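Because the structure is a prediction, the values reported are computed rather than measured. Below, read A as the first sequence line, B as the second, and so on, with proteins coming before strands; counting in each chain starts at 1.
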2 protein chains.
Amino acid sequence: MMDARKFRILQAIIDDYILTAIPVGSRTISKKYEMGLSSATIRNEMSDLEELGYLDQPHVSAGRVPSAKAYRLYVDQLLARGMIPTAAETDVRHYFGDRTRQMEDVITHAAQVLSGLTHYTSLVMTPKGAELRIRNLQLVPVTATSALVVIVTDGGIMRDTVINVGKDMDSDTLYSISRMLTERLANHTLSEAQSILREIGGTMKENSQLLSGIMEFVDETEGRGSKAKLALGGTSNILNYPEYNDVEKARNFLSVLETKEKLMRLLDNQSEMAFTVRIGPETGIPELSDCSLVTATYRLGDNTRGTIGVIGPTRMQYGHVFSVLNAMGQQLSELLGNDKE
Amino acid sequence: MMDARKFRILQAIIDDYILTAIPVGSRTISKKYEMGLSSATIRNEMSDLEELGYLDQPHVSAGRVPSAKAYRLYVDQLLARGMIPTAAETDVRHYFGDRTRQMEDVITHAAQVLSGLTHYTSLVMTPKGAELRIRNLQLVPVTATSALVVIVTDGGIMRDTVINVGKDMDSDTLYSISRMLTERLANHTLSEAQSILREIGGTMKENSQLLSGIMEFVDETEGRGSKAKLALGGTSNILNYPEYNDVEKARNFLSVLETKEKLMRLLDNQSEMAFTVRIGPETGIPELSDCSLVTATYRLGDNTRGTIGVIGPTRMQYGHVFSVLNAMGQQLSELLGNDKE
DNA sequence: TGTTAGCACTCACCCTTATTGAGTGCTAAC
DNA sequence: GTTAGCACTCAATAAGGGTGAGTGCTAACA
């Protein structure tokens with residue numbers, strides 16, 4: 001069974017391996033980590049740990065390498081103790097000038113800061129739409145028969161698309177329709193908006209094409225976050241780690257980043273947890289089977305959450321990543337939440 | 001001097017090297033390309049070509065490799081003869097479903113198609129703003145003291161930003177200002193808009209903050225394309241080529257792609273040429289010194305041009321790339337140009 | 001019973017040393 | 001001007017040997 005001493009040894013092994021990426025041997029542990037135990041004893045314990053599935057051995061005369069199971073234990077322990085260093089907070093604040101306000105600029109910048117501070121690949125996603133409350137809806141004429149729909153919501157997030165209005169409409173007509181719709185939809189969530197729009201559609205047959213265009217758009221925005229924007233940072237950072245010296249592996253990793261849909265699905269997990277950690281196979285994506293993904297959420301009003309995250313090798317500096325994500329989450333909530341007023 | 005035979009030999013060497021990436025020897029040329037010459041003769045010619053600077057020799061007992069100068073000659077010849085195969089046209093059309101109309105979606109998709117068809121990294125940039133004619137300007141209230149500026153232009157390109165309006169303004173006020181501005185600015189280019197706005201500013205002191213916000217935005221949009229959007233495709237494609245088997249090189253390449261500003265500057269060159277080809281050092285970016293960049297423009301109205309391009313190793317399949325870029329340019333002009341009516 | 005010292009064994013890694021073969025340059029003959 | 005022949009070069013591959021980090025096992029010790 002797993003007693004305290006075994007755990008201490010395992011922890012030392014993980015710490016060492018995270019730092020060096022070299023399989024760690026019994027002698028290293030006994031000397032470097034002052035256990036007061038000889039290497040032979042450590043060896044016995046390591047043998048047990050391997051049997052328990054916490055350690056792997058690349059080959060018989062190499063040191064041991066932590067397994068996914070080991071990282072899982074390590075992370076759970078870290079989270080359970082609430083051991084989230086706050087050092088990163090000032091760093092984040094420092095790198096985050098507060099000039100820019102545009103949603104898109106903010107998330108791009110956030111991704112850059114995140115990857116800069118962690119040296120891993122970072123992901124920043126705008127909140128999904130379902131829970132956002134509408135503040136304003138406006139139609140801007142583009143051509144005689146098409147218009148741009150702009151929806152301003154909670155947190156100042158704008159989403160826009162061009163729809164076909166079906167027949168000629170001048171600016172004034174569109175404006176009065178906009179006013180009417182805004183009045184009806186204001187303070188409702190996007191999901192509520194759906195049924196209201198349907199209702200309106202029943203009474204306003206003459207503008208049915210326009211309304212169905214808007215409905216389609218709202219649907220798309222609300223529905224499984226398909227319209228949420230995703231920014232990546234530090235995509236080439238992975239190449240800094242020896243485990244990705246193999247070009248083949250690197251290509252696999254990078255090609256996953258290119259299909260944003262896959263990533264979106266990964267980040268979609270809207271759990272209540274402060275952090276979600278997926279280690280290796282837990283990511284569910286074969287190409288990422290020796291990566292870890294740590295995600296956190298930031299709040300942007302009552303029920304609106306965006307996601308930020310970091311992808312790196314399984315031997316990730318989890319503690320540091322937690323700390324940075326934590327700080328960044330706060331910073332984003334602050335920055336984007338302020339737009340509210 | 002460079003006679004016809006030398007040129008034929010050089011061409012054969014380039015063709016072979018583009019295909020195989022292996023330094024090509026005299027024997028290969030004499031056998032594979034049916035010159036009716038013995039390897040010894042080829043050797044003599046190759047020696048001359050090396051002296052002329054068209055060939056490099058990695059080491060004394062290796063075959064020859066084309067120099068940047070050789071590619072330059074090759075490309076110039078290709079372009080001079082107008083040898084642009086049209087095969088790619090149907091491919092592009094095939095991969096380009098015409099559903100989507102949103103500018104951003106279109107360029108993202110275009111980048112994907114481009115990299116898919118060429119197997120290189122692709123770049124697609126929206127047109128720069130300076131020459132666009134304004135069709136409509138509208139202010140949408142976001143919060144009590146800030147508004148979203150939407151400018152609809154020629155070709156249906158929308159750009160938007162949030163500005164501070166300085167004081168409380170309700171929706172109706174903003175709308176009447178929008179109408180007024182639209183009336184004054186319609187059919188003017190962004191550059192002309194600048195002076196008109198300055199003029200208006202003189203007579204409308206009470207809304208100075210709003211106006212200066214708009215001016216700043218127009219300035220930004222117009223000025224050296226800083227607001228132009230850029231989409232990348234196939235960023236990991238470079239790893240498919242043996243010259244980038246070295247992780248160090250790959251990292252360099254990829255990190256250039258991460259700083260979009262650098263790329264923008266590269267694409268900025270608004271020459272009148274159908275194609276611009278920068279070979280190796282001609283890119284001006286040290287990290288890309290063994291890459292080639294081929295760009296083309298697509299038209300979107302009278303004077304509005306967007307840029308599309310492809311980055312790959314210097315031994316690029318230039319002919320094919322020309323053909324694909326050509327087809328894509330047409331497709332984009334069509335697709336986005338149609339929004340006009 | 002848990003801990004440690006000692007020892008034989010394994011195996012990746014590195015270094016050195018052939019071996020091979022593609023390719024060149026030069027020369028002499030056609 | 002072209003070609004055959006030959007000596008030479010040198011990257012790439014393979015093969016051999018030494019090194020050292022690390023293990024597992026056993027026997028002695030506290």
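Residue A:Ile9 contributes atom CD1, which lies 15 Å from atom C1' of D:dT23 at whole-angstrom precision. Rounded to whole Å, the distance from OH on A:Tyr17 to P on D:dG22 is 13 Å. Atom CG in A:Asp3 sits roughly 16 Å away from atom P in C:dT1 (whole-Å rounding). Counting to the nearest Å, the C1' atom of D:dG22 and the CD1 atom of A:Ile22 are 13 Å from each other. What separates CZ of A:Arg27 from P of D:dG20 is a distance of 13 Å, to the nearest Å. Rounded to whole Å, atom P of D:dT23 lies 7 Å from atom CD of A:Gln57. The nearest whole Å value for the distance from the CG atom in A:Asn44 to the C1' atom in D:dT23 is 11 Å. Regarding B:Met46, its CE atom lies at a distance of 10 Å from the C1' atom of C:dT24, rounded to whole Å.
Contact check on B:Arg64 versus B:Glu50 returns a salt bridge, with a Lys/Arg side-chain nitrogen under 4.0 Å from an Asp/Glu carboxylate oxygen.
Side chain of B:Arg43, nearest nucleotide from D:dC10, D:dT23, C:dC26: C:dC26. Of the candidates D:dC10, C:dT10, D:dT3, the closest approach to any side-chain atom of B:Leu37 belongs to D:dT3. Distance from the side chain of B:Thr41 is smallest to D:dT3 among D:dG22, D:dT3, C:dG6. Checking D:dC10, C:dT10, C:dT24 against the side-chain heavy atoms of A:Val60 singles out C:dT10 as nearest.
A:Asp290 and A:Tyr244 form a side-chain donor-acceptor contact under 3.5 Å, judged by distance and modelled atom types alone. A donor-acceptor pair shorter than 3.5 Å can be found between the side chains of B:Asp16 and B:Tyr33.
Atom OH of A:Tyr318 is separated from atom CD of A:Gln77 by 15.0 Å, given to the nearest 0.5 angstrom.
Using the Watson-Crick or G-U wobble rule with both distances under 3.5 Å, C:dA8 pairs with D:dT23.
Among the protein residues, B:Ser26 comes within range of the sugar-phosphate backbone only, with heavy atoms under 4.0 Å from sugar or phosphate atoms but none that close to a base. Base contact: A:Ala40 has a heavy atom under 4.0 Å from a base atom.
Nearest-nucleotide positions on DNA chain D for B:Ser38 and B:Pro58 put B:Ser38 closer to the 5' end.
Within a 6.0 Å sphere centred on CZ of B:Arg72, other residues, nucleotides and ligands contribute more than 12 heavy atoms.
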